[in-house]
Amino acid sequence: MGGERLGCTTSSMAEDSELWDVICDGPFVPTKNLSDPAVAIPMMRKEFNDANRNALEKNFCAKKILVCGIGPDEYNRISTCQSAKEIWEALQTAHEGTTQVKQSKIDMLTTEYELFIMKVDESI
């Protein structure tokens with residue numbers, strides 16, 4: 001499956017799954033433990049190792065995939081988002097609505113279904 005996709009190198013379904021994890025869970029933030037008791041704090045960029053850089057690159061790749069898949073009108077909605085997760089959530093809210101809006105739609109359609117009856121002049 002390998003090759004170049006939208007500027008991001010992918011080599012396996014596992015990597016695709018990792019990109020989806022970044023979209024759903026948010027970006028990887030490299031941390032280090034400081035003092036005793038240990039407190040995790042974000043690392044400075046100069047402290048990153050190759051594994052940290054590769055993990056961070058997944059967020060950039062996921063963002064690129066999402067941005068390349070939308071039109072100019074959609075881009076205005078997500079242009080201020082910092083992570084792939086933020087982009088995904090903004091697009092979900094724009095197209096599906098909030099949880100309350102979705103529940104209202106479900107309730108409305110359920111009521112419409114329950115009130116659905118065949119009229120006298122209609123046949124099956």
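If you read the sequence from its start, that first residue is 1, and numbering goes on from there.
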Could you grab the distance from atom [atom1] of [X] to atom [atom2] of [Y], nearest 0.5 Å is fine?
| X | Y | atom1 | atom2 | answer |
| --- | --- | --- | --- | --- |
| Leu91 | Glu86 | CG | CD | 11.5 Å |
| Cys61 | Ile23 | SG | CD1 | 9.0 Å |
| Asn52 | Thr31 | CG | OG1 | 8.5 Å |

Within-4.5 Å side-chain heavy-atom neighbours: [X] and [Y]:
| X | Y | answer |
| --- | --- | --- |
| Lys85 | Asp25 | no |
| Ile65 | Leu19 | yes |
| Pro30 | Leu56 | yes |

Nonpolar side-chain network containing Leu109, other nodes, edges under 4.5 Å: none
Taking ILVMFWY side chains as joined if any heavy atoms are under 4.5 angstrom apart, and letting links pass through other members, which residues group with Met44? none
Output all residues satisfying salt bridge (charged side-chain N to carboxylate O under 4.0 Å, His left out) with Glu18, sequence neighbours left out; order by chain, then residue number. Lys58
Following the transitive rule for hydrophobic clusters with a side-chain heavy-atom cut-off under 4.5 Å over Ile, Leu, Val, Met, Phe, Trp and Tyr, establish whether Ile41 and Phe48 coincide in one cluster. no
Show every side-chain hydrogen bond (donor to acceptor under 3.5 Å, both in side chains) that has at least one partner inside residues 66-84, sequence neighbours left out. Glu74-Arg77, Glu74-His95
If you look only at pairs with a residue in residues 112-124, which of them pass as a side-chain hydrogen bond (donor to acceptor under 3.5 Å, both in side chains), with sequence neighbours excluded? none
Under the salt bridge (charged side-chain N to carboxylate O under 4.0 Å, His left out) definition, can you give me all pairs with a residue in residues 42-55, not counting sequence neighbours? Lys32-Glu47, Asp50-Arg53
Just by modelled atom types, is the Ala84 backbone N or O under 3.5 Å from a matching donor or acceptor in the Asn59 side chain? yes
Testing Val22, Thr93, Leu66, Ile78 one by one against Trp88 for a side chain to side chain contact (heavy atoms under 4.5 Å, CB included), which residue passes? Leu66
